[in-house]
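Structure first, commentary second.
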Amino acid sequence: MRNFFLHLGKYLAFLATVFERPQRNSLWGQQFLKELQKTGLNSVAITVIVSFFIGAVICIQMSYNIVNPLIPRYLVGLSTRDVLLLELSSTVMCIILAGKVGSNIASEIGSMRVSEQIDAMEMMGVNSAQFLVLPKVISFMAFMPVLVLLSMITGILGGAMSITFSANTTMTDYVNGLQFAFEPYYITYSIIKSVFFAFIISTVSAYYGYYVEGGAIEVGKASTKTVVSVVILILVADLMLTQLLLS
Amino acid sequence: MIRVEHLCKSFDGRQILNNVSTTFNAGQINAVIGKSGSGKSVLIKSVTGLHSIDSGNVFYDDTNLIGLRKNDRKNLLKQIGMLFQGCALFDSLTIEENVMFPLDIHTTQTRAEKLKRVNFCLERVNMPNTNHLFPSEISGGMQKRVAIARAIVLNPKYLFCDEPNSGLDPQTSMVIDQLIKEITQEYNITTVMNTHDMNSIFEVSDQVAFIYQGQLWWNGPRNQLTKTDNAELNDFLFSSPLLRNKKGSS
């Protein structure tokens, strides 16, 4: 318990340093654009691939399970849509991105720490935490809604693709299900959640990387710790945010 | 000139530096020597402010580093260049961007002005026309030279070198030593060099501080090194049979 509070205090102090005013706006802008590519654009491919296949699988499973003639066929589209919008495109995608982006941030900053690059920055009078971490946090949070929307669209397209091979459900049923009782707030809810998750992924992984001590083995351990901690924190935050936003 | 007064530093209750007081002179190479784990790197990192210290004072000319306000500290850091053991070049930046980085942070010069200064420094360390290479594309010795260029790009008054020869062959080590000596004299820099390298100690250093078990055990000019009867220093300097025989024959 004592360890938890020690980390919490250190993490909050770290955040206070990260969110200081940037020293040079032009440099900060350049860093932001670089990070937008690294954390955001480079995550598009995995988001599209994972969402497409999971969307297709969800649709097949729904179609397979809903065999009762009393249950309308459009429920396949409706349930696929709701699963994607409410949980998969935000929470599950962020858990996957915790593995990709989170471990990348932790190992990148950790490597800089053990090779004294962070010390070199400090010697130049640079607030290294702010310079390295803030662009990552802001760019990832800014790009996250794009990833979530992409995930929703490709997931639904994946479902549509699987429907073409299904004997039980027609494309008309699927499209009807997608349109039935559509609640636009689900998209807003999903985006709000994902922005919080992006903050957790980027700051927690940066924290673990920034305070690495030792060598390559410790950098690897920090990456592993990052993924484990971030996944747990995302699940806890998901519960809390769902309660707050949907109740 | 840098004056260190009664510097103490401990980690988790373990005393690493104990009441170290010394002076590093301007225009000279001040070597800090000692066994691995004796506290040399901690001394350099404490003097530069990378480690917070338990007690003591560090004066850069008349400015005490300890207790400096953030902006004053930043202004002081502008006058300090540091060459790290592993070079600490930024992997994601080209050599030009690495050397330009301190200028980006501390000056409002135009890009053309900055580029002119970068090229001058790269030529000074014999690394012309390497601007667009990445650190991973050049050898260890070349990386050291780029790190020196980066350390001097802001015309520092103080230069710290943490084991500048580690991992280099004897010939390249001598080139790096000579470069540091030339730069120190050319710009009248106060250079503090943490080293194990006997060539650096005997060929280029002017003053030597020997750290033993976290304490300043011996301090003096280089030419007094071979004449001292300090047992621990002699053990350290003449641990190799070759040097011991040389000392015996002289």
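Within every chain, numbering begins at 1; the chains are lettered A, B, ... in the order of the sequence lines, protein sequences first and strands thereafter.
Residue B:Leu76 does not touch chain A at all, counting heavy-atom pairs closer than 4.5 Å. For B:Arg73, no part lies near chain A; criterion is any non-hydrogen pair under 4.5 Å. There is no contact between B:Lys78 and chain A, counting heavy-atom distances below 4.5 Å. Only the side chain of B:Leu50 comes within less than 4.5 Å of a heavy atom of chain A; its backbone N, CA, C and O stay farther away.
Here the side chains of B:Thr48 and A:Met123 are in contact, with some heavy-atom distance below 4.5 Å. Using a 4.5 Å cut-off on side-chain heavy atoms (C-beta onward), B:Met82 and A:Met124 make no contact. Counting only heavy atoms from C-beta outward, the side chains of A:Met121 and B:Phe90 approach each other to under 4.5 Å.
The residue among B:Asn75, B:Thr107, B:Leu154, B:Asp162 with the most heavy atom pairs within less than 4.5 Å of chain A is B:Thr107.
Between B:Lys45 and A:Glu122, no side-chain nitrogen of the basic residue sits less than 4.0 Å from a carboxylate oxygen of the acidic one, so the salt-bridge criterion is not met.
The nearest pair of heavy atoms linking A:Lys34 to B:Leu93 is NZ-CD2, 3.7 Å. For B:Ala88 against A:Glu116, the heavy-atom pair with the smallest separation is CB-O, 3.4 Å.
The environment of A:Ile217 atom CD1 is sparse: at most 12 non-hydrogen atoms of other residues, nucleotides or ligands sit within 6.0 angstrom.
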